[in-house]
Peer 1: 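Quick one: this structure, given as structure tokens, is what I'll be asking you about.
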There are 2 protein chains.
Amino acid sequence: MLQPDLSIVPQDCGVCPIRHRAVCARCDADELQILEEIKYYRSYEAGQTVIWAGDRMDFVGSVVSGIATLTQTMEDGRTQMVGLLLPSDFVGRPGRDGAAYNVMATSDLVMCCFRKKPFEKLMETTPHIAQRLLQMTLDELDAAREWMLVLGRKTAREKIASLMVIILRRDATLNLAQPRDRISFDLPLTREAMADYLGLTLETVSRQISALKRDKVIHLEGKRHVMVPDVGRLLEEAGDDSDGGMLS
Amino acid sequence: MLQPDLSIVPQDCGVCPIRHRAVCARCDADELQILEEIKYYRSYEAGQTVIWAGDRMDFVGSVVSGIATLTQTMEDGRTQMVGLLLPSDFVGRPGRDGAAYNVMATSDLVMCCFRKKPFEKLMETTPHIAQRLLQMTLDELDAAREWMLVLGRKTAREKIASLMVIILRRDATLNLAQPRDRISFDLPLTREAMADYLGLTLETVSRQISALKRDKVIHLEGKRHVMVPDVGRLLEEAGDDSDGGMLS
DNA sequence: CGGATTTTTGAACGTACTCAACGACCGTGG
DNA sequence: CCACGGTCGTTGAGTACGTTCAAAAATCCG
């Protein structure tokens with residue numbers, strides 16, 4: 001129960017749902033074949049720890065399905081989420097032995113793993129992989145920097161709205177197109193996880209979600225499902241000036 | 001006065017002070033020669049804006065000397081620093097036309113610029129450059145994530161101490177080795193810039209620096225020069241558990 | 001010196017935190 | 001079936017930390 005389930009039937013890269021978004025996105029058929037040889041699948045249950053910060057890490061890999069988080073913890077227990085990993089996101093750093101952060105499965109999670117040594121060697125001979133990894137890392141750096149603005153300068157209400165906008169955006173790019181207005185989505189995190197993401201307490205998160213509901217910015221169905229009657233309004237609440245983009 | 005000074009005598013890469021740390025670190029003599037052809041130097045005065053977020057950017061480059069900052073601004077003026085660029089750090093993103101952030105020269109600044117198009121083409125044919133850029137981007141991502149912990153979870157006092165630890169560390173790796181204790185350094189930022197970095201107001205920055213001085217954690221000479229009688233103590237104040245590392 | 005800029009310090013305020021209790025939901029077992 | 005415990009979420013009251021507004025002090029440079 002506490003061990004990852006290793007009895008997953010290996011899947012063909014050709015039918016992989018993240019084939020064209022993950023680190024292997026640019027690989028051609030030959031390159032995929034080499035990857036097939038060093039890859040294996042692992043699945044984790046919701047709540048399980050994938051790896052602890054500081055532990056030796058003998059693999060890197062991609063999230064195939066489910067959601068994982070990267071967190072950092074101080075001695076006294078204060079924790080800050082530093083990454084939210086959705087399908088196609090990459091985990092691990094080639095050229096480093098230990099994990100820098102805690103990686104936790106927030107939902108049931110399936111990962112496509114590559115043994116680290118062979119992967120590193122492959123990276124040297126296969127520019128397509130390194131190129132794609134650079135692109136993905138630059139995107140993550142941008143996301144981290146946007147998050148620094150949220151953490152450093154936004155109010156609690158703006159932080160909650162910003163989180164919802166981020167989830168909305170990632171849903172929009174990942175899934176199919178959504179109807180223009182009346183967009184809805186599921187919060188993939190508990191109140192506590194949201195608090196760790198936003199640098200707040202879970203009580204403040206709860207209060208601000210209630211406030212947004214009271215002010216008709218959002219509408220809740222159950223604890224997790226959010227309906228947004230007016231996306232523009234939510235963007236205003238988030239303090240994002242760029243109201244255009246993919247949601248117009 | 002407001003235009004960058006372009007009348008800099010081109011320098012030989014062989015004598016470049018950041019030769020072995022910048023994006024060109026892994027290049028061999030042949031590769032350097034190609035770089036020499038597309039590079040040029042630019043210098044900026046303290047306080048000048050190198051580029052505004054959203055503006056077209058026709059170059060990428062490295063900081064040769066001086067200090068630059070990356071900042072993000074909200075409509076109402078709240079600003080958050082998202083990057084502190086020291087010599088050898090890379091500016092710009094290959095494959096993107098517009099600047100994502102404001103880049104400002106905090107001190108007098110010299111940059112080694114590469115025209116973007118030729119640089120991008122060079123990256124495809126020269127694995128050494130892409131490899132080094134990936135490495136540097138991963139390092140920046142780590143730094144950004146460490147900063148997320150500072151912004152999200154640390155107190156004002158811890159934030160100030162953390163900033164000093166970061167400057168200390170970067171000084172230590174950049175410059176020569178320092179004496180074990182009694183380390184000293186210059187704050188490269190105004191109180192306001194520190195506030196933008198730390199997600200605080202400049203008044204709070206000033207108060208906390210005064211408090212650290214009153215408590216003998218630091219000793220000030222003038223406004224900018226800081227002496228640290230006990231580095232371990234400063235690390236404690238920063239909330240960093242890892243007291244070992246390069247400073248022991 | 002005079003004027004602008006940066007920094008320090010003070011007093012009052014407000015947002016988010018802390019501590020605490022309560023409520024909703026869910027699976028388990030009597 | 002309902003009582004029970006556990007997890008997750010909500011709400012309340014009081015507090016603390018950092019902000020805001022204001023003024024004075026220090027520094028820089030003409």
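In what follows, every chain begins at residue 1, and chains take the letters A, B, ... in the order their sequences are listed. These values consider heavy atoms only, across backbone and side chains, with no hydrogens, waters or symmetry-generated copies.
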Peer 1: With a 4.5 Å heavy-atom cut-off, do B:F59 and B:R42 have their side chains touching?
Peer 2: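 Yes, their side chains come closer than 4.5 Å.
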
Peer 1: Determine, for B:K159 against B:E237, whether the closest basic-nitrogen to carboxylate-oxygen distance falls under 4.0 angstrom.
Peer 2: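 The answer is no: the pair does not qualify as a salt bridge.
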
Peer 1: Tabulate protein N/O versus nucleotide N/O from nucleotides 12-15 of chain C, keeping only pairs under 3.5 Å, one per line.
Peer 2:
none

Peer 1: Using the side-chain contact (heavy atoms from CB on, under 4.5 Å) rule, take B:V103 and B:T71 through it: C-alpha gap first, then chi angles, then the decisive distance, then the call.
Peer 2: CA-CA 7 Å; B:V103 182; B:T71 59; over 6 Å; no

Peer 1: Within the structure, does a side-chain N or O atom of A:T204 lie under 4.0 Å from either OP1 or OP2 of C:dA16?
Peer 2: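 No, because none of the side-chain N or O atoms of A:T204 sits under 4.0 Å from OP1 or OP2 of C:dA16.
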
Peer 1: Want to settle it: does B:R153 or B:K213 sit nearer the 5' end of DNA chain C, counting the closest nucleotide to each?
Peer 2: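 Final value for this comparison: B:K213.
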
Peer 1: Could you run down nucleotides 21-30 of chain D 5' to 3' and tag each one B, S or - for protein heavy-atom contact under 4.0 Å?
Peer 2: B----SS---

Peer 1: Side chain of B:S206 only, heavy atoms from C-beta on: which candidate in C:dC17, C:dT9, D:dT10 is closest?
Peer 2: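 For B:S206, the side-chain atoms sit closest to C:dT9.
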
Peer 1: To 10°, what angle do the rotation axes through the five end pairs on each side of the helix from C:dC1-D:dG30 to C:dC26-D:dG5 form?
Peer 2: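 What I find for the helix from C:dC1-D:dG30 to C:dC26-D:dG5 is an axis angle of 30°.
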
Peer 1: Could you pull out all residues at least two apart from A:D139 that satisfy salt bridge (charged side-chain N to carboxylate O under 4.0 Å, His left out)?
Peer 2: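 Once residues adjacent in sequence are excluded, the partners of A:D139 under the salt bridge (charged side-chain N to carboxylate O under 4.0 Å, His left out) criterion are B:R93.
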
Peer 1: Would you please name every residue forming a salt bridge (charged side-chain N to carboxylate O under 4.0 Å, His left out) with B:R145, sequence neighbours left out?
Peer 2: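 B:R145 satisfies salt bridge (charged side-chain N to carboxylate O under 4.0 Å, His left out) with A:E140 once adjacent residues are dropped.
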
Peer 1: Decide yes or no for A:L138 and A:D142: does some side-chain heavy atom of the first lie under 4.5 Å from some side-chain heavy atom of the second?
Peer 2: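 SC-SC contact between A:L138 and A:D142 ruled out.
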
Peer 1: Between atom CG of A:L202 and atom OG1 of A:T204, what is the distance when rounded to the nearest 0.5 Å?
Peer 2: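 OG1 of A:T204 is found 8.5 Å from CG of A:L202.
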
Peer 1: Can you run down the salt bridge (Lys or Arg N to Asp or Glu O under 4.0 Å) pairs that involve residues 197-226 of chain A, sequence neighbours left out, and say none if there aren't any?
Peer 2: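 The answer is A:R157-A:D215.
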
Peer 1: Taking 4.0 angstrom as the limit, do B:D76 and A:R153 come out as a salt bridge?
Peer 2: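 No, B:D76 and A:R153 are not salt-bridged.
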
Peer 1: So that I can tick it off, tell me whether A:D89 and A:R21 are bridged by a salt bridge, with the cut-off set at under 4.0 angstrom between side-chain N and carboxylate O.
Peer 2: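 No salt bridge links A:R21 with A:D89.
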
Peer 1: Could you tell me whether the phosphate oxygens of C:dA16, OP1 or OP2, come under 4.0 Å of any side-chain nitrogen or oxygen in A:T201?
Peer 2: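 No, no such contact exists.
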
